[in-house]
Each structure stands twice: as C-alpha cells, then as structure tokens.
S.K.: 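Got a structure here, written out as structure tokens. Questions coming.
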Amino acid sequence: MSEQRYTDQQLQQALTYIEIFDKAGEIDCGGCGYKTCREFAAAMLDGIARPTMCVELSKKIIEKLKKRDRELRESLFLQQELLDSIAVPIFHEDRSGRLTGCNRAFEEFVGKKLSAIKGKGIDQSIEDKDFDKINVQINQSLIRSGGRQIVETRFVRPGVVEQVVELHKAPLTDRAGEITGFVCAIFDITERVRRSEELLLARETAELSVSLLQKMPSGFVIVDEKLKIREANRAFAILMGEEIVELFDAHGLRGADLKSLFPSHQLFVTFIQSGEETYSRDVEWSGRKVKLALYAIERGKTAGAILLDLAAPDVKKEEVRQRAEKVIRENLETVQKIANLLGENASRTENALSSVIKLFSEDEK
Ligand code: SF4
C-alpha cells in the first residue's frame, strides 16, 4: 500500500487538497479509481493523481459554483430592483458608448424597452440629434480627468416638448481601476428652469414697479400690522413734512413707525383689523387735504396706501386720478407678492406699467 510510505500527517495534509479535513470526510467512495481516500492522497503525493480526479471534490466545486451563481443572480436582481425603484432615469454604457443597462424610469423616459436598445448606441435610445455628440464629449472628458460631470443641456426629441435636463455622469471601473463604461442619471429640470426664469422676470418687473412708485407724484406707503413702514416713496415723505423728507433722503423710511409720521395712522389700524379689501376717505391735517386710499395686500397683516394731494393740479382730473390709483394698486400688489409671481401676473404688471407711463407722458404734453 503506497500510503504506508507516508506519515499520517503527510496524508492528512494531502487530503486537505480535496477538502477532506477529518476522518468523517474520508468516505472511500472509489470514484477516483482508488479504493480509499488515503490511497488517493498517497497517489497525489506520488505525483500520479490530481485533486480534480476526486469526484466528491468536483461535486463540491459544482455546488459552490451553483451557489455563487444563485447569489450573483440574486444580487443582480436586487441591484436592478434598486435601480428600478429610483424615479430618475438612469442608464449605463460601455466605454464605446453602447447601452449596457438602464432602469425602468429610463425605459419610460425613452419609450423603449431595454431589450430593444441594449448593446446599441445611445442615439438609438435618446433620439436627440445633439445628445450623442454631447455624450461622447462627456465620456472623453471623464476618461481624461475621471471624477464626475454635471452637464445641463436640452433634449429636443420628436413628439416630446423640449426638456431642460441635468446629466450626472461618472465612470465605471473594473477591479484594476480601468474605466469600463459610464453611468448616467438624467434629472428633468424643465420646471425648475421655467420657474426660475419666471421668478427672475417677476423680480425685475417688481423692481421696476418699486422704482416707478418711487418716482410717482402721489404718495404711497406699505405698512405691516404694527404700522412699521415696509416701503414708501419720496412723495409720501413730502406730504409728511420737511423733517421726514430729510429722513427719507438720508436712509429711506423702511422700518420707520407710521404712528410717529402720520396723524391719521389709526385709520390704518382700523383698516387692517377690519379685514376689508379697500377703504377710501379724505383726510386733512396741517391745512392739507389728501385722498387716502387703503388696499389690503395681505388681509389682516399688510396694507398699502395711496395719498393723493387733492390740491395738486394733476390730481384734479378725475380720470387721471382713477387711472393712477388703479395702476398704483396693481403695483403695490406686485411688490408684495414677488415670490408668488408667475409669468401671467408679470405680464399684467407690465401692461399696467405701460399704461401708467403712457398716462404720465400724456399729462406732460
Ligand atoms: S473519489 Fe474522492 S472521496 Fe471518493 S475515494 Fe476517491 S478521494 Fe475519496
């Protein structure tokens, strides 16, 4: 018996090559052509048998491979499930720009199933004539510099309203760190860009409104429920007296207390507390007669007022007065609601501004 030429320790060590680690593991099935596992171990030590000849070891390896395969499939399935649970379209491509996979959101975004586009160029998925070029440029930049790229672009696709998108791209690497492909998430920012453009337009319009109100010959003031002034023009300061004009010219009236400026301030308090939309009456003080028109900007919180000096020549014309009041009221609302302004309101305000500009040019003739 050849195994007798080897010590027990040498044979046990040889058995570990075929994953037999104890006596119970020596099943002596004979599948290798040797009667016992120890005979096989001695043959391996003699150099005439190889571990792969042990059928039990082969079975174990096959089982392990099957298990690994199952785990890998489950892992891939889980990864795909995770990708599919993300509402943002995501795709990945190989180094040459061929689609290797995507999530459900991407399939919905391009209106095609993965099976129809896998392995094809990205232009077969996203049918925007410029995207392929942009995508190639981003990939080349990622190959050169690595990292991550965020690029804003527009998709003009057949039958789809133009979209503004943000592409977030990063390289995919193998274990050696070599770039094997790219992954890309597409964020649709159309609505965000639209809102931001509208907000900018609204802000510019509102600033124009404030600037126009500042230049108006009639006084205007906006106060909060504590009668703190939020906005006022120089004409208002003139109506309040010389000292207030100096104050206005020095640093404006924002934050000043209306109570200390305007004798009939109680009318503001009563108006704000009433929750009414508008209120108008003539007020007199220090020999001055003024038409005070109050408007709720935020009911119960903020009020705007227009003060028309009834002695002023341009206010004597009723038509002029009414149009001026209307325009000022619309602008007061615009100023206060900047944050909520949308394009429609902005364009209405623009019309109002054109109207007031026309009005004053007519008066100047
Ligand atoms: S096939 Fe493997 S388990 Fe069976 S006797 Fe040979 S060495 Fe032992």
Side-chain angles (χ1 to χ4, degrees), residues 1-86 90-107 112-122 124-125 139 142-143 146-148 169-185:
M1 297 285 277
S2 61
E3 75 265 29
Q4 287 168 350
R5 289 183 285 109
Y6 297 103
T7 64
D8 201 45
Q9 194 183 2
Q10 285 173 316
L11 291 172
Q12 274 176 7
Q13 193 173 6
L15 285 170
T16 61
Y17 301 155
I18 53 172
E19 298 194 354
I20 293 175
F21 303 103
D22 51 30
K23 194 68 190 160
E26 296 175 32
I27 58 171
D28 301 336
C29 69
C32 54
Y34 293 86
K35 277 187 193 163
T36 66
C37 296
R38 285 193 171 240
E39 274 187 39
F40 181 73
M44 279 197 293
L45 290 169
D46 288 341
I48 55 172
R50 292 186 311 279
T52 48
M53 291 164 64
C54 169
V55 291
E56 282 304 311
L57 177 67
S58 298
K59 279 186 202 166
K60 282 179 194 166
I61 290 171
I62 289 167
E63 268 316 303
K64 276 186 186 170
L65 285 174
K66 280 185 182 169
K67 191 167 171 255
R68 285 285 295 278
D69 184 57
R70 256 196 322 273
E71 285 170 356
L72 199 61
R73 279 171 192 278
E74 279 167 14
S75 166
L76 284 172
F77 180 75
L78 183 66
Q79 281 176 21
Q80 189 60 45
E81 283 287 296
L82 283 171
L83 272 181
D84 285 343
S85 69
I86 300 170
I90 295 171
F91 70 89
H92 44 96
E93 58 195 321
D94 63 19
R95 206 178 151 111
S96 63
R98 300 202 171 276
L99 194 82
T100 47
C102 67
N103 66 350
R104 200 170 293 141
F106 183 79
E107 287 183 327
K112 290 172 185 173
K113 285 282 172 197
L114 175 63
S115 52
I117 47 181
K118 192 170 182 180
K120 295 180 180 169
I122 200 66
Q124 300 292 306
S125 310
N139 291 354
L142 285 170
I143 290 170
R148 189 175 136 198
K169 288 204 82 168
L172 296 169
T173 54
D174 60 17
R175 286 187 178 184
E178 286 295 315
I179 293 177
T180 55
F182 310 93
V183 61
C184 180

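Every number for a ligand or one of its atoms is a count from 1 in the order of the listing.
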S.K.: Which of these passes side chain to side chain contact (heavy atoms under 4.5 Å, CB included) with Phe182: Ile143, Leu172, Asp94?
M.R.: Ile143
S.K.: If we check side chain to side chain contact (heavy atoms under 4.5 Å, CB included) with Lys67, which of these qualifies: Arg70, Lys64, Glu63?
M.R.: Arg70
S.K.: With heavy-atom distances below 4.0 Å as the criterion, list the atoms of ligand 1 near Gly31.
M.R.: 1 (S), 4 (Fe)
S.K.: Starting from atom 8 (Fe) of ligand 1, locate the nearest protein heavy atom and write down its residue, its atom name and how far away it is, to 0.1 Å.
M.R.: Cys37 SG, 2.2 Å
S.K.: Within the 4.0 Å heavy-atom shell around Val55, which atoms of ligand 1 are there?
M.R.: 1 (S)
S.K.: Are the side chain of Thr16 and the backbone N or O of Glu19 linked by a donor-acceptor pair below 3.5 Å?
M.R.: no
S.K.: How far is atom 6 (Fe) of ligand 1 from its nearest protein heavy atom, and which residue and atom name does that atom have?
M.R.: Cys32 SG, 2.2 Å
S.K.: Give the residue, atom name and distance (to 0.1 Å) of the protein heavy atom nearest atom 4 (Fe) of ligand 1.
M.R.: Cys29 SG, 2.3 Å
S.K.: Is it true that the side chains of Asn103 and Glu107 contain a donor and an acceptor less than 3.5 Å apart?
M.R.: no
S.K.: Quick check on contacts: which atoms of ligand 1 are under 4.0 angstrom from a heavy atom of Ile18?
M.R.: 7 (S)
S.K.: For the residue pair Cys54 and Ile18, what are the closest heavy atoms and their distance?
M.R.: CB-CG2, 3.9 Å
S.K.: Take atom NZ in Lys60; do more than 12 heavy atoms of anything else shown fall under 6.0 Å from it?
M.R.: yes
S.K.: List ligand 1 atoms under 4.0 Å from Asp28, heavy atoms only on the residue side.
M.R.: 5 (S)
S.K.: With a heavy-atom distance limit of 4.0 Å, tell me whether Ile27 approaches ligand 1 through its side chain, its backbone, both, or neither.
M.R.: side chain
S.K.: Between Leu142 and Gly147, which heavy-atom pair has the shortest distance, and what is it?
M.R.: CD2-O, 3.7 Å
S.K.: Does Arg38 pair with Asp28 as a salt bridge, N-O distance under 4.0 Å?
M.R.: no
S.K.: Would you say Cys54 has an N, O or S atom lying under 2.8 Å from atom 6 (Fe) of ligand 1?
M.R.: no
S.K.: Among all protein non-hydrogen atoms, which one is nearest to atom 7 (S) of ligand 1, and what is the separation to 0.1 Å?
M.R.: Phe40 CD2, 3.5 Å
S.K.: List every atom of ligand 1 that sits less than 4.0 Å from any heavy atom of Glu56, numbering the atoms from 1 in the order shown and giving each element.
M.R.: 3 (S)
